[in-house]
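Notes for the one structure printed next.
Since the structure is predicted, the reported quantities are computational estimates derived from the model, not experimental observations. Residue numbers begin at 1 in each chain, while the letters A, B, ... track the order of the sequences.
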2 protein chains.
Amino acid sequence: MPGKGKWQNRFSGHGRRWTMPRETILQQLSRTNKHQSPKEIFLAINKFNPSIGLTTIYRTLELLDKMGVIHKLRIGDGQVRYELRGKEKEYHHHHLICTSCGKIIDYADFIDEEMELIKKTEKALNKKHNFIINNHNIEFYGLCEKCR
Amino acid sequence: MPGKGKWQNRFSGHGRRWTMPRETILQQLSRTNKHQSPKEIFLAINKFNPSIGLTTIYRTLELLDKMGVIHKLRIGDGQVRYELRGKEKEYHHHHLICTSCGKIIDYADFIDEEMELIKKTEKALNKKHNFIINNHNIEFYGLCEKCR
DNA sequence: ATGGTAATGATAATCATTTTCAATAACAAT
DNA sequence: ATTGTTATTGAAAATGATTATCATTACCAT
């Protein structure tokens with residue numbers, strides 16, 4: 001039985017199981033606030049635990065995303081990336097992506113105004129298109145300091 | 001020499017050439033306001049002009065995106081998608097994406113407030129991170145009327 | 001302790017996108 | 001109009017991320 005971590009409770013009672021690979025993957029996601037791709041996560045884990053396969057990484061990340069534990073990021077560099085949505089990172093932020101080197105900067109300015117606009121927009125879209133909005137994605141593309 | 005279209009002038013004088021495939025691809029992009037993937041564009045063109053290869057579609061779309069003529073969309077359905085940025089579509093809009101069936105709805109509400117926020121944010125990000133912002137992407141994910 | 005079944009990992013399969021490279025065609029200079 | 005340079009093209013192969021398959025393993029409720 002794997003050690004009980006803070007996420008274990010989210011896995012019980014829905015036909016889901018709390019397993020060692022899942023705990024290890026969540027640990028790796030917690031280890032940094034970088035936006036990691038499945039391959040990166042696999043390589044990091046593989047150094048100390050070569051028994052966890054890449055397929056499991058993919059499956060677990062997909063599951064965690066569906067559960068709302070992590071956030072899926074499609075920045076367009078050829079790989080999907082994920083970041084944790086834990087309490088310590090629950091502050092709302094978006095991404096600044098350098099189209100030259102791929103660097104990603106998190107930013108969280110004007111959040112109050114932004115949240116207000118988002119809420120207003122979500123409500124209007126819901127009414128107008130009868131669309132339930134679960135998530136949104138705001139990204140800015142450009143050139144970072146080094147690449148400009 | 002291919003027929004002169006309204007985009008030809010954007011291709012002259014920079015070592016670029018105005019070719020039949022490019023004109024055909026731009027025509028196909030103009031034919032609809034849907035968000036088309038390279039394969040969809042290829043299949044549509046292929047019906048009446050099988051001489052244009054998929055590789056050329058990819059290369060041309062990439063070029064047109066860099067030129068700012070079209071807008072690249074990564075909605076996460078496994079393919080990149082493009083839409084024209086022509087005058088007739090120059091109104092600012094964002095996308096509402098159904099995570100179940102993949103339907104995309106364009107919307108353009110609260111644009112004034114949004115533009116103001118975007119401008120403010122861009123200016124602040126520029127100052128704070130010394131980042132030049134060229135583009136931004138706002139998407140809402142959820143369930144459409146049929147899928148909810 | 002054990003049985004049902006969710007989860008796993010190795011492998012192969014898919015599928016979008018890129019690379020390669022020889023052939024072609026746009027177009028500037030003549 | 002002809003020519004030479006070189007951007008562009010298309011076919012085929014390569015790449016690389018993600019997904020499907022399937023036999024095996026290991027949670028965990030009983």
Side-chain angles (χ1 to χ4, degrees), chain A residues 1-5 7-26 28 35-43 45-46 49-67 69-70 72-82 99 102, chain B residues 1-5 7-26 28 35-43 45-46 49-67 70 72-82 102:
Chain A
M1 186 203 306
K4 293 178 190 295
W7 292 284
Q8 177 174 14
N9 53 321
R10 303 198 58 165
F11 280 85
S12 42
H14 297 76
R16 287 195 190 116
R17 293 173 185 177
W18 179 241
T19 67
M20 181 274 285
R22 288 178 179 179
E23 187 181 23
T24 307
I25 291 164
L26 275 163
Q28 175 57 31
H35 316 79
Q36 304 177 78
S37 70
K39 187 163 58 161
E40 284 169 358
I41 293 170
F42 171 76
L43 290 174
I45 290 175
N46 199 254
N49 189 343
S51 76
I52 297 176
L54 181 56
T55 310
T56 298
I57 310 274
Y58 271 100
R59 277 189 295 229
T60 302
L61 291 172
E62 189 191 343
L63 174 64
L64 292 172
D65 182 49
K66 270 189 188 142
M67 291 170 66
V69 176
I70 60 178
K72 189 188 229 171
L73 223 37
R74 317 168 217 269
I75 66 160
D77 70 339
Q79 319 189 127
V80 172
R81 291 177 178 279
Y82 293 91
T99 51
Chain B
M1 186 203 307
K4 294 179 189 294
W7 292 283
Q8 177 174 16
N9 51 322
R10 303 198 57 166
F11 281 85
S12 42
H14 297 75
R16 287 194 190 118
R17 293 173 186 178
W18 178 241
T19 66
M20 181 272 285
R22 289 177 178 179
E23 186 180 23
T24 306
I25 291 165
L26 275 164
Q28 176 58 30
H35 315 79
Q36 303 177 79
S37 68
K39 188 162 59 161
E40 285 169 358
I41 293 170
F42 171 75
L43 290 174
I45 290 176
N46 198 254
N49 189 343
S51 75
I52 297 177
L54 182 55
T55 310
T56 298
I57 309 276
Y58 271 99
R59 279 189 292 230
T60 302
L61 291 171
E62 190 191 342
L63 174 64
L64 291 172
D65 183 49
K66 271 189 191 142
M67 290 170 65
I70 61 179
K72 188 187 228 170
L73 223 36
R74 317 167 217 268
I75 67 160
D77 70 337
Q79 317 189 133
V80 172
R81 291 177 178 280
Y82 293 89

Of Asp65(B), Leu73(B), Ile25(B), Leu64(B), the residue whose pairing with Tyr82(B) passes side-chain contact (heavy atoms from CB on, under 4.5 Å):
Asp65(B)
Tell me, please, which residues at least two apart from Gln79(A) pass side-chain hydrogen bond (donor to acceptor under 3.5 Å, both in side chains).
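Testing Gln79(A) for side-chain hydrogen bond (donor to acceptor under 3.5 Å, both in side chains), a comparison that skips the adjacent residues, returns Ser37(A).
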Apply side-chain hydrogen bond (donor to acceptor under 3.5 Å, both in side chains) to Lys66(B) and list each qualifying residue two or more places apart in sequence or on a separate chain.
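Lys66(B) satisfies side-chain hydrogen bond (donor to acceptor under 3.5 Å, both in side chains) with Glu62(B) once adjacent residues are dropped.
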Atom pairs and distances, donor-acceptor, side-chain atoms in residues 49-60 of chain B, under 3.5 Å, two or more places apart:
{"from": "Asn49(B)", "atom 1": "OD1", "to": "Ser51(B)", "atom 2": "N", "distance (Å)": "3.1"}
{"from": "Asn49(B)", "atom 1": "OD1", "to": "Ser51(B)", "atom 2": "OG", "distance (Å)": "2.7"}
{"from": "Thr60(B)", "atom 1": "OG1", "to": "Thr56(B)", "atom 2": "O", "distance (Å)": "2.8"}

Between dA17(D) and Lys39(A), is there an OP1 or OP2 to side-chain N/O distance shorter than 4.0 Å?
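For Lys39(A), the contact criterion (side-chain N or O under 4.0 Å from OP1 or OP2 of dA17(D)) is met.
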Does Arg22(B) put a side-chain nitrogen or oxygen below 4.0 Å from OP1 or OP2 of dT8(D)?
yes
Sequence neighbours excluded, which residues qualify as salt bridge (charged side-chain N to carboxylate O under 4.0 Å, His left out) partners of Asp77(A)?
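Asp77(A) satisfies salt bridge (charged side-chain N to carboxylate O under 4.0 Å, His left out) with Arg81(A) only.
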With respect to the side chain of Thr19(B), which nucleotide from dG9(C), dA16(C), dT8(D) is positioned closest?
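Looking only at side-chain atoms, Thr19(B) lies closest to dT8(D).
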Over all atoms of both residues, closest heavy-atom pair of Leu61(B) and Ile70(B):
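Looks like O-CD1, 3.4 Å.
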Of the residues in residues 50-66 of chain A, which ones touch DNA chain C at a heavy-atom distance under 4.0 Å?
Ser51(A), Ile52(A), Gly53(A), Thr55(A), Thr56(A), Arg59(A)
I need the [atom1]-[atom2] distance between [X] and [N], as an integer number of Å.
| X | N | atom1 | atom2 | value |
| --- | --- | --- | --- | --- |
| His14(B) | dC27(C) | NE2 | P | 14 Å |
| Met67(A) | dA6(C) | CE | C1' | 14 Å |
| Asn49(B) | dG10(D) | CG | C1' | 12 Å |
| Phe42(B) | dA16(C) | CZ | C1' | 14 Å |
| Glu23(A) | dC27(D) | CD | P | 11 Å |

Distances for protein N or O near nucleotides 1-4 of chain C N or O, under 3.5 Å:
{"from": "dG4(C)", "atom 1": "N2", "to": "Arg17(A)", "atom 2": "NH2", "distance (Å)": "3.0"}

What residues form a side-chain contact (heavy atoms from CB on, under 4.5 Å) with [X], not counting sequence neighbours?
| X | answer |
| --- | --- |
| Arg10(B) | Met67(B), Val69(B) |
| Arg74(A) | Lys72(A), Tyr141(B) |
| Leu43(A) | Lys39(A) |

Under a 3.5 Å distance rule, please check whether Gln28(B) uses its side chain to pair with a backbone N or O of Gln36(B) as donor and acceptor.
no
How do Gly15(B) and Gly78(A) order along DNA chain D: which one's closest nucleotide is nearer the 5' end?
Gly15(B)
CD on Glu40(A) to CG on Asn46(A), rounded to 0.5 Å:
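Rounded to the nearest 0.5 Å, the CG-CD separation comes out at 14.0 Å.
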Applying a 3.5 angstrom cut-off to the pairing atoms, does DNA chain C sit in any stems of at least three consecutive Watson-Crick or G-U pairs? List them by first number.
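As far as DNA chain C goes, consecutive pairing (with distances under 3.5 Å) yields the stems C:1-30 with D:1-30.
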